[in-house]
Peer 1: 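Input: one structure, supplied below.
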Amino acid sequence: MASPGGAALQRHAAVAVLRAAAAAGDLSKGKALHARIITAANFDVVLHNNLISFYAKCGQVGVARKVFDAMPFRNAVSGNLLMSGYASSGRHKDSLALLRVVDFGLNEYVLSAAVAACTHIRSYDMGRQCHAYAVKAGLAEQAYVCNAVLHMYCQCAHMEDAVKVFQNVSGFDEFAFNSMMNGFLDRGQLDGSVRIVKAMVGEVEKWDHVSYVAVLGHCASMKDLVLGGQVHAQTFKRRLELNVFVGSALVDMYGKCDRAHDAQCAFDVLPEKNVVSWTAVMTAYTRNELYEDALQLFLDMEMEEVKPNEFTYAVAVHSCAGLAALRNGNALSACALKTGHWVHLVVGNALMNMYSKSGSIEDAWRVFVSMPLCDVVSWNLIITGYAHHGLAREAMETFHSMLSAGEVPSYVTFIGVLSACAQLGLVDEGFYYLNIMMKEVGVTPGKEHYTCMVGLLCRAGRLDEAERFIVNNCIGTDVVAWRSLLSSCQVYRNYGLGHRVAEQILQLKPNDIGTYVLLSNMYAKANRWDGVVKVRKQMRERGVRKEPGVSWIQVGSDVHVFASEDKVHPQMDQITVKLEELIDQIKAIGYVPNFAVVLHDIEDEQKEEHLMYHSEKLALAFGLIHTPKGATIRIMKNLRICDDCHVAIKLISVVTGRKIVVRDAVRFHCIDGGVCSCDDYW
DNA sequence: CTGACCACGA
């Protein structure tokens, strides 16, 4: 018969064996001991708690629960161990349900585990109840509980409650600060995060690496490069810039502050780069429109044998969208399909965007219907995609399908809807959506919506109303709205109003190149040569230069870039021959070169040649030479297509029987059989 | 704790 001391010794040994078995994940060894414990004469709560811990650590939380249930009595440790078992297997609801078995007593550990479970399942109600219980039990001041409660309120998006708790936190705790920071940042409440940052700056010595990540996130959202640089300097002191989390946050911060090169530098120093760091630096390039560099990084990453995930694919596909690189996008789509990332929402949305931006709304639609899940962004992509392609009727139909499908439209949705209304000239419907539906849905109209309404009135020829609308809706300082009106003055050849509007814009934004171009086009269309000359003179005097026009086309796996009058392409001779042939053909069916769009002071014969070498015509000729008969030709251009090219390409579509899609800086021109989807309003 | 997809016009 063992003495009491011997029993204690035996228990000690048993606990040691259980802990070792748990650490080694040796289930059978623990089970063997469990069998012996069951047969023991006396119940031992400590031993049974260790059994719970053992099974929980071996991922057998169900068995742990059975042990728990079979215990004749339990203590708070029993409950806490089982709850952490549930937590590590993601069974937060089961963890909370355990609170109904309160016979094991509640202490600060159990309560903070309960609050953490509420955080995971984002249950504000349960979280509040736990908080109330903690207050009644006098446990609310305990550091564990307090931080857990604070974190719960932040994650459940109740920052006002979090602030109340935070104000009661005595003394500094980086955990509390980090929770508050992330809570404000996630909600986009930058005024809140500013307050926290200010409080934190005074206590830099207490920051942990999570604090650095949070504050860098704040700098990124605020585009605060000055503070970001200071934080970066601080990380040097502690060698934290080499930490993969801090480093990735630095990369992200520089990227969002428009510093692609600094982002690359922060990335380069990282000794260990993971998929997030790679994706962050790719994103930095993509944000700054350095799409080729972003795609190169995708290849580099593959070389380093880091596996891309759905975010990486989304960013890479987004880069293809920026380049309208349909073939590369297609290739990525195939890779994503093969690796199983295709099913992710972000990848599907990115692909839809890419196809839409590359001029293939049909493919965007195909992705849309194949996606296992879609969200409001997917719907917005289809709606705005249709609108950009001049398919406003389809855009409106899709919007109504969206409502029938029970999806709630967003701020962006209404931008698409209103621009579709504008295209169709649906003035009353436009006002209906703006004044009634947006309010019903709970979306407050912003300047983008008002700008759409200006476009809507303009399109209907109601230019004076459009002008009043701008003034009455307080968007009179918005250059975009005025430019929309000016563009319409050009279409309607209303140079009196156009002149006034241009003056207005140039007061708001001196030397706005878009305004000069519109103004000059307006005079040209109205055959007001004196006006054209005056604008040209003004531009010269003020040193305003037009950005060079560049067009590009993808043939095979290569992208061919053409600048206006740039005759260095190796196949220039062939292209010239083709162009001359085309011009002759379309002249036969009524083409007359439009000298008015030429902004240079040159002779008429030179003007004709100048027009012929516009970048989009070069790209088109090249495309016609190198693609099979009947294939659709897709051309991208950095600026807006010019009037002369628009007419010429429409005629070329007739003589060649080709469908030609031109993506200019604003919209698509889907040209087929001499008709353009833009309806010649642009 | 780090990374992502959609917008008015030019």
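Lettering of chains follows the sequences in order, A, B, ..., and the numbering in each one begins at 1.
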Peer 1: Got a second to check how far A:Trp342's CH2 is from A:Met371's CE, nearest 0.5 Å?
Peer 2: 7.0 Å

Peer 1: Taking CZ from A:Phe267 and P from B:dG3, how many angstroms apart are they, rounded to a whole number?
Peer 2: 15 Å

Peer 1: Kindly check if the number of other-residue, nucleotide or ligand heavy atoms within 6.0 Å of OH (A:Tyr144) is above 12?
Peer 2: no

Peer 1: So A:Ser419, base contact, sugar-phosphate only, or nothing? Heavy-atom distance under 4.0 Å.
Peer 2: nothing

Peer 1: What is the separation between atom CD on A:Glu407 and atom P on B:dC6, rounded to the nearest whole Å?
Peer 2: 16 Å

Peer 1: Please pick, from B:dC8, B:dG3, B:dC6, the nucleotide with the shortest atom-to-atom distance to any side-chain atom of A:Asp252.
Peer 2: B:dG3

Peer 1: Are A:Glu467 and A:Arg500 close enough for a salt bridge, meaning some N to O gap below 4.0 Å?
Peer 2: yes

Peer 1: Could you state the atom-to-atom distance from CZ of A:Phe469 to P of B:dG9 in whole Å?
Peer 2: 14 Å

Peer 1: OP1, OP2 of B:dC5 versus side-chain N and O of A:Asn353: anything below 4.0 Å?
Peer 2: no

Peer 1: With the side chain of A:Lys357 defined as its heavy atoms from C-beta on, choose the nearest nucleotide among B:dC6, B:dC8, B:dC1.
Peer 2: B:dC6

Peer 1: Could you tell me how far apart A:Met438 (CE) and B:dC8 (P) are, to the nearest whole angstrom?
Peer 2: 14 Å

Peer 1: A:Leu519 has an atom CG; how far is it from atom P of B:dG9, in whole Å?
Peer 2: 20 Å

Peer 1: Counting just side-chain N and O atoms, does A:Lys256 come under 4.0 Å of either OP1 or OP2 of B:dA4?
Peer 2: yes

Peer 1: Considering only B:dC6, B:dC8, B:dA4, which nucleotide approaches the side chain of A:Val315 most closely?
Peer 2: B:dA4

Peer 1: Roughly how many Å is it from CE in A:Met253 to P in B:dT2, rounded to a whole number?
Peer 2: 16 Å

Peer 1: Rounded to the Å, how far apart are A:Phe399 CZ and B:dC6 C1'?
Peer 2: 15 Å

Peer 1: By nearest atom, which of the nucleotides B:dA10, B:dG3, B:dC1 is closest to the A:Phe311 side chain?
Peer 2: B:dG3

Peer 1: Respond yes when some side-chain nitrogen or oxygen of A:His388 is under 4.0 Å from OP1 or OP2 of B:dC8, and no when none is.
Peer 2: yes

Peer 1: Among the candidates B:dC1, B:dA10, B:dC5, find the nucleotide nearest to the side-chain atoms of A:Phe245.
Peer 2: B:dC1

Peer 1: Which of the following nucleotides, B:dG9, B:dT2, B:dC6, is nearest to the side chain of A:His318?
Peer 2: B:dC6

Peer 1: With respect to the side chain of A:Arg483, which nucleotide from B:dC8, B:dC1, B:dG9 is positioned closest?
Peer 2: B:dG9

Peer 1: So, A:Arg287 and A:Asp258, do they make that salt bridge, N to O below 4.0 Å?
Peer 2: no

Peer 1: Check this for me: does any side-chain nitrogen of one of A:Asp664 and A:Arg640 sit under 4.0 Å from a carboxylate oxygen of the other?
Peer 2: yes

Peer 1: Mind checking if A:Lys637 touches a base, just sugar-phosphate, or nothing, with heavy atoms under 4.0 Å?
Peer 2: nothing

Peer 1: I need the CD1-C1' distance between A:Ile415 and B:dC6, as an integer number of Å.
Peer 2: 9 Å

Peer 1: Going by atom types alone, do A:Ser356 and A:Asn353 pair a side-chain donor with an acceptor below 3.5 Å?
Peer 2: no

Peer 1: Which nucleotide, B:dC8, B:dA7, B:dG3, lies nearest any side-chain atom of A:Val480?
Peer 2: B:dC8

Peer 1: Classify A:Val244 by what it touches in the nucleic acid, base, sugar-phosphate, or nothing, heavy-atom distance under 4.0 Å.
Peer 2: base

Peer 1: Look at the side chain of A:Val377 and decide which nucleotide, out of B:dC1, B:dG3, B:dC5, has an atom nearest to it.
Peer 2: B:dC5

Peer 1: For the side chain of A:Ser487, starting at C-beta, report the closest nucleotide among B:dA10, B:dG3, B:dC6.
Peer 2: B:dA10

